[in-house]
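Working notes for the structure below.
When reading the values below, keep in mind they use all heavy atoms of this one structure, side chains included, and skip hydrogens, waters and symmetry mates.
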Amino acid sequence: MTEKVIYVLVPGYVASRSDGDTHYITAGQLRELYGASPSQCVKEPFNKEGWEPPEGAIYLRPRYDGDYSLPVEEN
């Protein structure tokens with residue numbers, strides 16, 4: 001049985017390649033950009049004290065290069 005992939009959404013700032021401006025990308029925007037299912041996503045907490053990410057979680061962050069394809073799961 002294949003385990004469910006969990007993505008940790010890490011909102012943050014990214015400089016735009018198209019206009020050079022800096023933009024803040026929210027967790028919701030990241031999920032939409034990557035096309036990840038809401039049921040597979042958790043947001044990294046602002047205060048990470050005592051927080052442990054799910055085992056095998058894949059982190060999704062804003063990307064300067066604009067490539068928001070989901071990372072390929074390695075078995």
Side-chain angles (χ1 to χ4, degrees):
M1 180 176 190
T2 306
E3 287 191 36
K4 182 177 172 181
V5 177
I6 298 294
Y7 300 107
V8 177
L9 302 171
V10 184
Y13 290 94
V14 65
S16 171
R17 283 190 335 180
S18 61
D19 62 16
D21 288 343
T22 300
H23 303 276
Y24 185 79
I25 307 298
T26 67
Q29 290 170 322
L30 276 175
R31 187 189 58 72
E32 289 178 13
L33 285 166
Y34 279 101
S37 169
S39 66
Q40 290 181 279
C41 296
V42 296
K43 181 182 173 196
E44 183 177 63
F46 179 72
N47 178 0
K48 296 181 267 189
E49 186 176 325
W51 183 75
E52 297 267 337
E55 186 175 332
I58 297 171
Y59 285 76
L60 303 179
R61 295 177 171 84
R63 295 182 55 106
Y64 171 76
D65 65 6
D67 179 7
Y68 287 99
S69 52
L70 285 172
V72 177
E73 184 182 356
E74 296 180 16
N75 292 328

Tell me every residue that passes side chain to side chain donor-acceptor pair (under 3.5 Å) with Thr22, counting only those two or more places apart in sequence or in another chain.
none

Starting from Tyr59 and following side-chain heavy-atom contacts under 4.5 Å between hydrophobic residues (I, L, V, M, F, W, Y), which residues can be reached?
Ile6, Val8, Val10, Val42, Trp51

Using side chain to side chain contact (heavy atoms under 4.5 Å, CB included) as the criterion, list what pairs up with Pro11, not counting sequence neighbours.
Tyr24, Ala27, Lys43

Over all atoms of both residues, closest heavy-atom pair of Ser37 and Cys41:
O-SG, 3.3 Å

With rounding to the nearest 0.5 Å, note down the distance linking OH in Tyr68 to CG in Leu30.
6.5 Å

Could you report the tightest heavy-atom contact between Tyr34 and Leu60, atom names first, then the distance?
CE1-CB, 3.6 Å

Would you please name every residue forming a side chain to side chain donor-acceptor pair (under 3.5 Å) with Asp67, sequence neighbours left out?
Ser69

Does Asp65 have any salt bridge (charged side-chain N to carboxylate O under 4.0 Å, His left out) partners at least two apart in sequence or in another chain, and if so, which?
Arg63

Sequence neighbours excluded, the answer for side chain to side chain donor-acceptor pair (under 3.5 Å) partners of Gln29 is Thr26

What heavy-atom pair brings Tyr7 and Ala36 nearest, and what distance separates the two atoms?
CD1-CB, 4.0 Å

Output for pair (Ile58 CD1, Leu9 CG), nearest 0.5 Å, gives 12.0 Å

